[in-house]
Number of protein chains: 2
Amino acid sequence: MSNVRDIAEAIGSPVAFTAKVLQQLARKGLISSMKGAKGGFYIEAKTLRHLNLCTIVNAIDGNGITENCMLGLRECSEKNPCPVHHQYKHIKAGIIKMLNESMVNNLTIDVEKKLSVLKN
Amino acid sequence: MSNVRDIAEAIGSPVAFTAKVLQQLARKGLISSMKGAKGGFYIEAKTLRHLNLCTIVNAIDGNGITENCMLGLRECSEKNPCPVHHQYKHIKAGIIKMLNESMVNNLTIDVEKKLSVLKN
DNA sequence: TATATAAAGGACAAATTCATCCTATTTAAC
DNA sequence: GTTAAATAGGATGAATTTGTCCTTTATATA
Ligand code: FES
Ligand code: FES
């Protein structure tokens, strides 16, 4: 259980803004929160086990990454591809794969070992 | 030689905004322009032969794609990597490769054959 | 029960990106 | 030369993203 100030400090992000993001995640059920003294944000063990970056990105930014055309066409489609569609689709697939395979509980391991950082 | 209105129409983008982008490209020398009646924008044959998407993206948006950390850290580095750095670096490399290998004169071929589109 | 603590949420403010409008300058054609 | 057509560029405006502030609600603890 961590409060907003500690989280904001840990990631080097403004407190009020961090709070808004955490609220969004909480509303979507990706994290849990408790009000009041000794309250804060935490992740249910069961949730954490299945939580990947794809779910988080989707919750905050929507499915733009997976749906949008690289050149900004209204729709990205095989049928009416933009000039870079066939090149970009492999990259897009790579991003989605990466986001899906990035489990939060794995990512935390390196952070704990100080092999990766959350701010600089 | 095409004027802004025709270009804007062809890509489904506002005329005034398209003009600003074209001006940026012209200032950087990626395209050429001629004022006055029968004027407009065009690409020098010699320029076109070497023009790829990487150059264009760089001219308009800077080198953010190639430099930025996926998680928004101030700096993306091997030495102080964010938790997704090692996964992301392959994707980033793929994007850069793609942008470098995408020659504008090749991309136009499919557009001319109507195998790809510039608006929808 | 009173108090202190912390998230929830609404309203607002700043910064950035996206887009428009207008005037000046340049050029072709008559 | 005059005129019409076109880019250059500055000033401005709209929309979105980013960030702040304040009040309300909930909870632990004394
Ligand atoms: S249509 Fe542009 S990326 Fe698919
Ligand atoms: S440090 Fe985050 S992507 Fe390299």
Side-chain angles (χ1 to χ4, degrees), chain A residues 1-44 47-48 51 56-65 67-75 82 118-120, chain B residues 1-44 47-48 56-75 82 118-120:
Chain A
M1 177 89 72
S2 314
N3 66 32
V4 176
R5 259 167 305 127
D6 292 348
I7 295 169
E9 161 65 20
I11 65 178
S13 177
V15 174
F17 182 67
T18 303
K20 292 304 186 193
V21 175
L22 290 169
Q23 279 173 37
Q24 286 185 71
L25 293 175
R27 275 194 294 266
K28 304 260 180 163
L30 306 192
I31 64 179
S32 308
S33 68
M34 224 174 58
K35 285 184 176 182
K38 303 287 173 184
F41 294 91
Y42 61 98
I43 308 183
E44 221 68 69
T47 308
L48 179 58
L51 187 60
I56 297 174
V57 169
N58 251 275
I60 303 292
D61 294 328
N63 57 358
I65 297 180
E67 302 266 293
N68 290 351
C69 165
M70 189 189 185
L71 296 194
L73 298 196
R74 247 65 80 184
E75 186 190 20
C82 74
L118 292 171
K119 72 168 175 179
N120 64 6
Chain B
M1 177 90 72
S2 315
N3 66 32
V4 175
R5 258 166 307 124
D6 293 349
I7 294 169
E9 160 65 21
I11 65 177
S13 177
V15 174
F17 182 67
T18 304
K20 291 303 187 193
V21 176
L22 290 169
Q23 279 173 37
Q24 286 184 71
L25 293 175
R27 275 194 294 265
K28 303 259 179 162
L30 307 193
I31 64 178
S32 308
S33 67
M34 224 174 59
K35 285 184 175 182
K38 303 286 173 183
F41 294 91
Y42 60 98
I43 308 183
E44 221 70 67
T47 308
L48 180 58
I56 297 175
V57 169
N58 250 275
I60 303 292
D61 294 328
N63 59 357
I65 297 180
T66 121
E67 301 268 292
N68 289 352
C69 165
M70 189 191 186
L71 296 194
L73 299 196
R74 248 66 79 185
E75 185 191 20
C82 75
L118 291 172
K119 72 167 176 180
N120 63 6

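Naming: A, B, ... by sequence-line order, numbering from 1 per chain.
- Close to dA8(D), at under 4.0 Å from its OP1 or OP2, lies a side-chain N or O of S33(B).
- Taking atom CE on M1(A) and atom P on dA26(D), their separation rounds to 17 Å, with Å as the unit.
- V4(B) comes within contact range of the sugar-phosphate backbone alone, with a heavy-atom separation under 4.0 Å but no base atom that close.
- Straight-line distance from the CG atom of L22(B) to the P atom of dG9(D): 13 Å, rounded to whole Å.
- With sequence neighbours excluded, no residue satisfies side-chain hydrogen bond (donor to acceptor under 3.5 Å, both in side chains) with E75(B).
- Y42(B) places its OH atom 12 Å from the P atom of dT7(D), with the value rounded to the nearest Å.
- Distances shown here put a side-chain N or O of R5(B) below 4.0 Å from the OP1 or OP2 atom of dA6(D).
- Between the P atom of dT17(C) and the CD1 atom of I60(B) lies a distance of 13 Å, rounded to the nearest Å.
- The distance from atom CD1 of I7(B) to atom P of dA5(D) is 18 Å, rounded to the nearest whole Å.
- The CD-P distance, from Q23(A) to dA26(D), rounds to 14 Å in whole Å.
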Listed pairs, N/O of protein and of nucleotides 22-30 of chain C, under 3.5 Å:
unit_1, atom_1, unit_2, atom_2, d
dT26(C), O2, G36(B), N, 3.2
dT27(C), O2, A37(B), N, 3.0
dA28(C), O4', A37(B), O, 3.4

For nucleotides 10-13 of chain C, give me every protein contact, N/O to N/O, under 3.5 Å, one pair per line with atom names.
unit_1, atom_1, unit_2, atom_2, d
dG10(C), N7, K20(A), NZ, 3.3
dG10(C), O6, K20(A), NZ, 2.5

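- Atom CZ in F41(A) sits about 13 Å away from atom C1' in dA26(D), given to the nearest Å.
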